[in-house]
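First the structure, in the form of structure tokens, and then the observations on it.
Only heavy atoms go into these numbers, but all of them, side chains included; no hydrogens, no water, no symmetry mates. Chain naming here is simple, since letters A, B, ... match the order of the sequence lines and numbering starts at 1 in each.
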Amino acid sequence: DQQVKQNSPSLSVQEGRISILNCDYTNSMFDYFLWYKKYPAEGPTFLISISSIKDKNEDGRFTVFLNKSAKHLSLHIVPSQPGDSAVYFCAARVQGAQKLVFGQGTRLTINP
Amino acid sequence: GAVVSQHPSWVICKSGTSVKIECRSLDFQATTMFWYRQFPKQSLMLMATSNEGSKATYEQGVEKDKFLINHASLTLSTLTVTSAHPEDSSFYICSARTGYTHEQYFGPGTRLTVT
């Protein structure tokens, strides 16, 4: 039962344009959502998060949007830079729980 | 801030031997640490959650007698793979969080190869 789904295994974007990574979830008990970036053979790096009581959170080039009614969140990166090429994981936490549930990841490639 | 280290970064061991992986939070106290496993081109699979001073909670399907987890202090957790077999070869990643934040901070991972 995949509670957090990233349906696009890969995404290719031109440098300078906007990258939009999507994530869908099924569990309405999730109250906190996070995005992580991962390079090969390294651990994930925390990027940005959002509480379920908000619909938007912005940090520099990164913005996360949450649509609770659609059980959908997205990560916007603008402008995209070559160093953004990595695998991006969305994750969610059930209210009161410690562990995170991760999506399958989306490989983002920024083309020069 | 929020730096997590792992040691070793890679290890090769022979089948039947045991190997220990250390996870340390360098600049914060980690009340909870997590151990994940990642297979090539797949997502992170949570193996267990450990709280300092308590027994680890293992996810379904993870053998607790094979993957021994110790979280003896607020800055150190260890994962010991006992009687390793080639199918245990994988990328093991730990993460840590304080009691005050939702975010988990990940270590750089350990590549285990069992020959």
Side-chain angles (χ1 to χ4, degrees), chain A residues 1-10 21 23-25 29-54 57 59 62 64 66 73 86-109, chain B residues 1-10 21 23-25 28 30-52 54 56-60 62 71 90-113:
Chain A
D1 177 27
Q2 191 72 27
Q3 297 185 63
V4 179
K5 296 182 181 180
Q6 294 176 256
N7 293 315
S8 298
S10 63
L21 298 115
C23 182
D24 297 297
Y25 63 95
M29 295 303 292
F30 288 143
D31 71 338
Y32 203 78
F33 304 88
L34 307 91
W35 283 95
Y36 285 86
K37 172 182 178 181
K38 186 180 183 301
Y39 294 117
E42 293 185 12
T45 302
F46 169 71
L47 277 177
I48 192 169
S49 61
I50 188 168
S51 165
S52 61
I53 63 174
K54 296 186 176 181
N57 188 27
D59 184 2
F62 302 94
V64 56
L66 176 62
L73 67 154
V87 176
Y88 289 77
F89 290 96
C90 70
R93 191 198 70 154
V94 172
Q95 185 177 13
Q98 295 181 2
K99 66 180 183 182
L100 298 177
V101 180
F102 282 84
Q104 309 96 308
T106 297
R107 180 176 300 279
L108 175 65
T109 302
Chain B
V3 179
V4 177
S5 70
Q6 274 183 248
H7 178 81
S9 56
W10 60 272
I21 302 170
C23 177
R24 293 180 186 272
S25 57
F28 66 101
T31 54
T32 308
M33 286 186 167
F34 306 83
W35 286 94
Y36 294 83
R37 184 173 179 179
Q38 186 183 29
F39 294 99
K41 297 185 178 180
Q42 293 190 26
S43 187
L44 301 166
M45 184 192 82
L46 178 65
M47 299 174 67
T49 301
S50 74
N51 292 295
E52 185 265 338
S54 303
T57 301
Y58 290 81
E59 294 298 301
Q60 191 173 9
V62 178
H71 189 170
S90 191
F91 192 59
Y92 293 88
I93 313 174
C94 72
S95 71
R97 64 179 285 262
T98 71
Y100 306 103
T101 64
H102 301 291
E103 296 82 13
Q104 292 182 21
Y105 297 95
F106 285 82
T110 297
R111 170 71 58 193
L112 170 63
T113 300

Inspect the surroundings of CD in A:Q95 and state if more than 12 heavy atoms from other residues, nucleotides or ligands are less than 6.0 Å away.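 No, not enclosed.
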
Nearest 0.5 Å, what's the CD-CG distance between B:E103 and A:L47?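 It is 11.5 Å, given to the nearest 0.5 Å.
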
Gap separating the OG atom of B:S43 from the NZ atom of A:K38, nearest 0.5 angstrom: 10.0 Å

Under a 4.5 Å cutoff for heavy-atom pairs, which residue among B:L46, B:I93, B:N51, B:T49 has the most contacts with chain A? B:N51

Decide yes or no for A:L100 and B:R97: does some side-chain heavy atom of the first lie under 4.5 Å from some side-chain heavy atom of the second? no

Does A:Q98 reach the side chain of B:T57, with side-chain heavy atoms less than 4.5 Å apart?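 Counting from C-beta outward, A:Q98 and B:T57 never come under 4.5 Å.
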
Contact part of B:Q38 toward chain A, heavy-atom cut-off under 4.5 Å: side chain, backbone, both or neither? side chain

Could you report the tightest heavy-atom contact between A:P44 and B:L44, atom names first, then the distance? CG-CD1, 3.8 Å

Checking heavy atoms, do the side chain of A:F102, its backbone, both or neither come under 4.5 Å from chain B?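 For A:F102, backbone and side chain are both near chain B.
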
Heavy-atom proximity to chain B below 4.5 Å, by part of A:Y39: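 It is neither, since no heavy atom gets under 4.5 Å.
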
